[in-house]
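Numbered from 1 within each chain, the chains take letters A, B, ... in sequence-line order. Quick note: numbers below take in every heavy atom, side chains included, and nothing from hydrogens, waters or symmetry partners.
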Amino acid sequence: MQREFVEAPVRGVLKWIDRRLPVITWAYNELVVYPAPKNLNYWWNFGSLAGIMLTIQIVTGIVLVMHYTPHVDMAFDSVEGYIMRDVNWGWLIRYLHANGASMFFALVYIHIFRGMYYGSYKEPRELLWILGVLILVVMMATAFMGYVLPWGNMSYWAATVITNLFSAIPLVGETIVTWLWGGFTVDNPTLQRFFSLHYLLPFVIFALVFLHILALHQVGSNNPLGIDLTKKDKIPFHPYYTIKDMFGLGVFLLVYGYFVFFAPTAFIEPVNFEPANPLQTPPHIVPEWYFLPFYAILRAITFDILFIPAKLGGVIAMFASIFVLFLLPWLDTSPVRSARFRPIYRQFFWILVLDVLVLGYIGGQPPEGWYVTVGQIATAYYFLHFLVILPLLGKLERPLPLPSGLDEPVLGTAGTRAAK
Amino acid sequence: MAHTSSREGSGETTRRDFLELVSWSTLAVGTAVGLWPFVDSLNPSKEVLALASTEVDLEPIEPGQRVTVMWRGKPVFVAHRTPEEIEAARATPLDELRDPEPDEKRAPRPEWLVVIGICTHLGCVPVGQRSGEPRGDWGGWFCPCHGSHYDTAGRIRKGPAPLNLHLPPYTFVTDTLVRIG
Ligand code: HEM
Ligand code: FES
């Protein structure tokens, strides 16, 4: 399948440029002409919102760097003292950035579950999906390293616990951890390299988003019915979806603004208002909320599995919980995309959502008593969903009949009404 | 192809195969050598490695008391053990231990235990140094992060940590002065 490109309707200097460097034609085709299904619902707003959020993070981040000092003796004061109190609007820029990270993850998680519900990862969109999972992985690394920068006590201990995950690797684990730290504990060398990478990775994400959209526009958007649509069921991106995305942005900014202005510390652990202290581990180490389900999976493995010690087992399970998403296009064996026509899958989808919420709750609790058991059950179910239920369901479930195009259901009802 | 010689395709090894092999391996080795300084620059610098050793005066530490000192940026626990604590550690049969190590090896001078105060699970600092803090089910240390219990020899007894608390290199300069590092 080859996309058709339309030449951008420009004259004069712009035409002169476009002939030599077709950026205008390119933007025109991606953002104006792009034929989008006319039945997209509001769940299709989250991709463009995530893109806008990435831009906000980059802009606020670049300004923060102009005031921030990446050194263990000064980082905490440069954030909590200098940026928050002395820099003009520093508080606003920092709260936009810190809450922006939470908003970014919320948008991306909804975006991912949208993809799961409507089967957007299926043929021919496998690479599009894989690029998305890659974006998620790089986002996690970025947010983790950003969280270390203010050098509060939770920053310090989160960095310690997470980098120590690599010490579980047999034989070379300790060497790798020393290399990651640039020392024998998390310290100034660690802070400085995290700072460097925290600046770099968002631009890597930007490049991945670019490829993600390239892949999307090559094969076209999926839609709530999950069926392949013809030209007559599509409308140009502009003005139909540009205006709809702007409306969605307005609604989103209300939520974002609520947190920034009325609950700016809702997502910040109180411990992080104390400077890093290598001698004082906080009694409850908890990561940011968006990592909690994965943290719960890490802690669920409290027992040795054959020759794999518990510590390594937890690390493997945690990485596997993300890696399994890469395989999703092949684990789900059903040819039907949308859950609307998969009555049983639809129920399992919501059980998975519930399961991930349970994991998130458990991840925030101390690893004691029944919390551990619930965490283990929820972890087992998570893998069961992807590795057993999805492959079997595709073979066993009987999907509902699919419409052939968008007018069919409409004409169908009109027809029956006329007959009555 | 221009370089196809009559001997190629006959399965015979040609001089060109050899040249290609040499070129590719040179490129691979060259790339690795070129990358190494960047990778190794992330390892601990000379300044970090040069951090001096730490000396601890044992005189003021009462039996039952534990103090924390810093060595290479890490907390080191120095415990003046009571006879009961020594007895508990020495009486434990080795087959009850996840990481079997006799107390005699971990504390050659039984009343002094010197361990690195970093949980071998994921690196938190266990509690139990100050009196009144929880010391776990074996009266040693307790790691609150994911619930690891250490005994009075700093050996792992329960919880996710795989190994005993590590021992730093140390020597007794005099009976009341210990040098760590
Ligand atoms: C993918 C986009 C990004 C995400 C998810 C992200 C996430 C974060 C997070 C979670 C924090 C800790 C906030 C806090 O508790 O105060 C942070 C801090 C920081 N980030 Fe980012 N960030 C992103 C992009 C950037 C960019 C592009 C830059 C610079 C060019 C940047 C510069 C900084 C600085 C200087 C800090 C420390 C100041 C502070 O703590 O507020 N960030 N980031
Ligand atoms: S770090 Fe001590 S139990 Fe996990």
Side-chain angles (χ1 to χ4, degrees), chain A residues 72 153 156-168 170 173-190 192-193 196-197 277-286 295 298-304 308-315 366-369 371-372, chain B residues 36 38-51 53-54 66-77 98-99 116-130 133-134 137 141-149 156 158-163 166 168-169 180-181:
Chain A
V72 286
N153 210 24
Y156 180 88
W157 287 100
T160 299
V161 167
I162 300 302
T163 47
N164 258 308
L165 294 180
F166 293 91
S167 72
E174 297 289 336
T175 316
I176 291 181
V177 173
T178 307
W179 178 74
L180 287 175
W181 286 341
F184 302 101
T185 52
V186 172
D187 208 334
N188 200 51
T190 328
Q192 295 199 352
R193 64 190 60 182
S196 172
L197 293 175
N277 181 353
L279 289 181
Q280 188 70 58
T281 307
H284 283 160
I285 296 199
V286 273
Y295 197 54
L298 168 76
R299 297 191 304 183
I301 313 297
T302 53
F303 43 85
D304 301 352
I308 301 173
K311 177 172 159 181
L312 182 59
V315 174
E368 294 153 12
Y371 291 130
V372 179
Chain B
W36 177 246
F38 296 91
V39 173
D40 193 37
S41 80
L42 298 178
N43 271 320
S45 64
K46 294 200 184 61
E47 192 228 8
V48 172
L49 291 172
L51 279 184
S53 51
T54 308
R66 297 169 176 183
V67 298
T68 307
V69 294
M70 287 296 266
W71 171 69
R72 277 185 163 180
K74 300 180 188 200
V76 171
F77 294 168
R98 179 177 300 168
D99 179 14
I116 294 180
I118 294 184
C119 180
T120 60
H121 181 226
L122 295 177
C124 293
V125 178
V127 295
Q129 282 294 91
R130 268 171 263 167
E133 282 178 350
D137 295 353
W141 289 268
F142 173 69
C143 182
C145 287
H146 318 95
S148 288
H149 297 247
I156 179 66
K158 192 175 137 186
L163 299 173
H166 292 304
I180 303 168

Is a donor on one side and an acceptor on the other found under 3.5 Å between the side chain of A:Lys311 and the backbone of B:Thr120?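 Judged by distance alone, yes, a pair lies under 3.5 Å.
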Under 4.5 Å between any side-chain heavy atoms of A:Phe184 and B:Leu49, yes or no? yes
Taking C-beta and beyond as the side chain, do A:Arg193 and B:Leu42 meet within less than 4.5 Å on heavy atoms? yes
Write down the atom of [X], the atom of [Y], and the distance for their closest heavy-atom approach.
{"X": "B:Val48", "Y": "A:Gly183", "answer": "CG1-CA, 3.9 Å"}
{"X": "B:Pro44", "Y": "A:Thr178", "answer": "CG-CG2, 3.5 Å"}
{"X": "B:Leu122", "Y": "A:Asn164", "answer": "O-ND2, 3.0 Å"}

Counting only heavy atoms closer than 4.5 Å, note whether [X] contacts chain B via side chain, backbone, both or neither.
{"X": "A:Ile176", "answer": "neither"}
{"X": "A:Ile285", "answer": "side chain"}
{"X": "A:Pro283", "answer": "backbone"}
{"X": "A:Trp157", "answer": "side chain"}

Under 4.5 Å from any heavy atom of chain A, what part of B:Pro162 do you find: side chain, backbone, both or neither?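 For B:Pro162, the side chain is the part near chain A, not the backbone.
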Structural part of B:Val39 lying under 4.5 Å from a heavy atom of chain A: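 Both the backbone and the side chain of B:Val39 come within 4.5 Å of chain A.
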Can you tell me which of A:Leu279, A:Thr163, A:Thr160 forms the most heavy-atom pairs within a distance under 4.5 Å of chain B? A:Leu279
Which residue out of B:Gly123, B:Gly159, B:Gly147, B:Cys145 racks up the most heavy-atom pairs below 4.5 Å with chain A? B:Gly123
Relative to chain A, which of B:Pro160, B:Cys124, B:Ser45, B:Gly73 shows the most heavy atom pairs under 4.5 Å? B:Cys124
Taking atom CD of B:Glu47 and atom CG of A:Asn188, what is their separation to the nearest 0.5 Å? 8.5 Å
Interatomic spacing from CG in A:Leu180 to CG in B:Asn43 - rounded to 0.5 Å: 9.5 Å
